[in-house]
> 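Before I ask anything, here is the structure I am working with.
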Amino acid sequence: MAEKHFKYVILGGGVAAGYAAREFAKHGLNPGELAIISKEAVAPYERPALSKGYLFPQGAARLPGFHVCVGSGGERLLPEWYLEKGIELILSTEIVKADLASKILTSEAGATFTYDILIIATGSTVINLSDFGTPGADANNIFYLREIDDADKLVAAIQEKKNGKVVIVGGGYIGLELSAVMKLNNLDVTMVYPEPWCMPRLFTPEIAAFYEGYYTNKGVKIDKGTLVVGFDSDANGDVTSVKLKDGRVLDADLVVVGVGGRPLTKLFKGQLAEEKGGIKTDTFFQTSVPGVYAVGDVATFPMKIYKDMRRVEHVDHARKSAEQAVKAIKASEEGKVIDEYDYLPFFYSRSFDLSWQFYGDNVGETVIFGENDPASAKPKFGSYWIKDGKLLGAFLEGGSAEENKAIAKLARVQPSVVDLEQLAKEGLSFASKI
């Protein structure tokens, strides 16, 4: 096969790839300079839609409706946009070898691609229960959700198993969002997770108690503090039940697993410096190899606000890190320097009629404020995290756009807090004073 050369190659076709392409186009590109190589069959899209709108029973989101960059209020980049800009979309192409010293990428089909500058935007892959040797984990109708193909299979299964029983394995982002959307599809839903409360990496027990109570009121059954240890299937290989460590067995027509992800860095093992499970970068997302950048889930970068190195798995960072890397690449070509990446951690989720946002760092003591009764018609509550006399993190459920901006500012400014009881009394009004 003939070798193809590009000045810039973005490896990966997710959110970061689309935002990087838009940034390149803003700075000016010659036709044929940039290629995106993706194992998916479609142009970059806003991945969060897959666990939300894509699975809705009515008015479901479908492509081309959620191609990047609509998720951040930007222009929707259809496949024609890439054509117009002279950007080559190389889809359904999995790279199986990356030789960074020679600047050569090799595909599964044996095609080779060379580049001057590489942006690694490979993202994450889901953790599969088969990786742990869970008995029966290869049965039919056990689903994972990462790519649009996964979502299409899940949509088909939901339609096939109308009013059936679904077991959601995992109590994090995916578990909570999918439990909600499965309930909207009128399925009998049970969530199972080993932790003592849901979303333990972010939620305090008090925050989690609200969501667990709300989901229970919506008819979602929750089994926490127990592990899934196996699956039974019928003669056709279709899953029929889920075995729990405490000895119970849950009937299941469908199972959806969301137990986390792993950054896709194996192509670069031994070729790039790594840290904290990701590819180590500087503030411009350049790796230990000049001309090679890493963005999104795979990058471990300097978190300026906290003076440490972190890896962040979130769409907001995927977008912003991609833009930062491209700005840095273009600036270096012009002999200029751009500002350091100064990221404020941001997480959000929407499910049922709920919508929360979190900014900052969830370390230290916490105070909770507001209306957090799961039975409330309009719940609105929040939490602050305080360490060494400074407010470092802020969470708000049911906030308006202005209120969410206010808590973001709090997390950025890190105001001093002396009296936690007074802070709890002031609640959201504290944010309006900053």
Side-chain angles (χ1 to χ4, degrees), residues 1-46 64 67-70 72 74-95 97-107 109 111-123 267-268 281-282 284-287 289-296 298-299 318-339 341:
M1 283 191 176
E3 186 174 277
K4 292 191 95 169
H5 178 79
F6 300 94
K7 185 174 182 182
Y8 313 107
V9 167
I10 301 168
L11 181 55
V15 171
Y19 281 76
R22 181 180 68 167
E23 194 63 33
F24 270 119
K26 277 184 194 171
H27 287 269
L29 270 176
N30 294 317
E33 278 189 336
L34 171 63
I36 293 174
I37 304 175
S38 172
K39 73 182 182 71
E40 291 196 72
V42 295
Y45 57 89
E46 301 282 3
H67 280 298
V68 297
C69 301
V70 294
S72 59
E75 178 192 359
R76 186 174 52 171
L77 309 184
L78 300 173
E80 303 87 83
W81 179 88
Y82 297 89
L83 199 60
E84 287 163 14
K85 300 294 181 187
I87 299 167
E88 192 154 342
L89 275 180
I90 302 168
L91 304 177
S92 303
T93 301
E94 185 170 4
I95 296 299
K97 187 182 177 191
D99 185 335
L100 300 185
S102 304
K103 299 189 173 185
I104 299 172
L105 305 174
T106 307
S107 78
T112 54
F113 306 93
T114 60
Y115 59 85
D116 296 329
I117 290 174
L118 176 66
I119 297 179
I120 299 166
T122 42
L267 282 174
F268 314 102
T281 77
D282 62 15
F284 309 113
F285 293 96
Q286 187 162 219
T287 68
V289 173
V292 177
Y293 295 74
V295 297
V298 297
R319 293 168 181 149
K320 290 173 178 170
S321 59
E323 291 168 347
Q324 173 78 351
V326 175
K327 284 173 185 165
I329 289 164
K330 298 307 284 185
S332 70
E333 290 174 355
E334 296 163 13
K336 297 175 182 173
V337 178
I338 63 166
D339 290 338
Y341 190 62

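Values in this document were obtained by computation on a predicted structure and should not be read as measured data.
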> side-chain contact (heavy atoms from CB on, under 4.5 Å) between Val68 and Tyr45: does it pass, once the steps are laid out?
CA-CA 5 Å; Val68 297; Tyr45 57 89; 5.5 Å; no

> Within the structure provided, determine whether Leu91 and Thr93 are in side-chain contact (heavy-atom separation under 4.5 Å).
no

> Give me the atom names and distance for the closest heavy-atom approach of Pro64 to Leu78.
CB-CD2, 3.4 Å

> Measure the CZ-CD distance between Arg76 and Glu46 for me, rounded to the nearest 0.5 Å.
11.5 Å

> With Tyr341, which residues qualify under ring pair (Phe, Tyr, Trp, His ring centres under 6.0 Å), at least two apart?
Phe285, Phe301, His317, Tyr343

> Taking only distance into account, with no hydrogens and no angle test, what donor-acceptor pairs under 3.5 Å do side-chain atoms of residues 28-39 form with protein atoms, sequence neighbours excluded?
unit_1, atom_1, unit_2, atom_2, d
Asn30, ND2, Glu33, OE2, 3.1
Glu33, OE1, Asn30, N, 3.1
Ser38, OG, Glu40, N, 3.1
Lys39, NZ, Glu147, OE1, 3.4
Lys39, NZ, Glu147, OE2, 2.8

> Which heavy atom of Tyr82 sits nearest a heavy atom of Gly18, and at what distance?
OH-CA, 4.0 Å

> Give, for atom CG of Leu83 and atom CD of Glu88, the distance between the pair rounded to the nearest 0.5 Å.
10.0 Å

> If you compare all heavy atoms of Val295 against all heavy atoms of Ala16, which two are closest, and at what distance to 0.1 Å?
CG2-CB, 3.9 Å

> Could you tell me the separation between the OG1 atom of Thr287 and the CD1 atom of Ile119, rounded to the nearest 0.5 Å?
11.5 Å

> Taking Phe113's backbone N and O only, do any of them form a donor-acceptor pair with His5's side chain (distance below 3.5 Å, no angle check)?
no

> Could you pull out the closest heavy-atom pair between Ala43 and Leu89, with the gap in Å?
CB-CD1, 3.8 Å

> Can you name the side-chain contact (heavy atoms from CB on, under 4.5 Å) partners of Glu75, sequence neighbours left out?
Leu77, Trp81

> Taking the basic N atoms (NZ, or NE/NH1/NH2) and the acidic carboxylate oxygens, is any pair closer than 4.0 Å for Lys320 and Glu323?
no

> Look only at the side chain of Ser102 and the backbone of Asp99, and say whether a donor-acceptor pair between them is shorter than 3.5 Å.
no

> Between CD1 of Ile90 and CD1 of Ile10, what distance do you get to the nearest 0.5 Å?
11.0 Å

> State the OG-CZ distance between Ser72 and Arg22, to the nearest 0.5 angstrom.
5.0 Å

> Report the distance from atom CZ of Phe24 to atom CD1 of Ile87, rounding to the nearest 0.5 Å.
9.0 Å

> Under the 3.5 angstrom rule, does the side chain of Gln324 hit a backbone N or O of Asp339 as a donor-acceptor pair?
yes

> Closest approach of Ile329 and Tyr8, non-hydrogen atoms and distance?
CG2-CE2, 3.8 Å

> State whether the number of non-hydrogen atoms from other residues, nucleotides or ligands found under 6.0 Å of Lys26 atom NZ is greater than 12.
yes

> Can you list the residues that meet the side-chain contact (heavy atoms from CB on, under 4.5 Å) rule with Glu334, with sequence neighbours excluded?
Lys336

> Is it true that Glu23 and Lys330 make a salt bridge, defined as a side-chain N closer than 4.0 Å to a carboxylate O?
no

> Walk me through whether Thr106 and Ile104 qualify under side-chain contact (heavy atoms from CB on, under 4.5 Å).
CA-CA 7 Å; Thr106 307; Ile104 299 172; 4.1 Å; yes

> For Lys103, check side-chain contact (heavy atoms from CB on, under 4.5 Å) against everything at least two apart and list the hits.
Tyr115

> Before you tell me yes or no, could you show the steps for Leu105 and Leu118 under side-chain contact (heavy atoms from CB on, under 4.5 Å), namely the whole-Å CA-CA distance, both residues' side-chain angles and the distance that decides it to 0.1 Å?
CA-CA 10 Å; Leu105 305 174; Leu118 176 66; 4.1 Å; yes

> Check the side chains of Tyr19 and Ser321 for a donor-acceptor pair under 3.5 angstrom, ignoring hydrogens and angles.
no

> Return the set of residues passing side-chain contact (heavy atoms from CB on, under 4.5 Å) with Ala41 (not counting sequence neighbours), or none when no residue passes.
Ser92

> Would a distance-only check, ignoring hydrogens and angles, find a side-chain to backbone donor-acceptor pair under 3.5 Å from Thr122 to Ile120?
no

> Under the side-chain contact (heavy atoms from CB on, under 4.5 Å) rule, what do Thr114 and Lys4 come out as? Steps first, then yes or no, please.
CA-CA 6 Å; Thr114 60; Lys4 292 191 95 169; over 6 Å; no

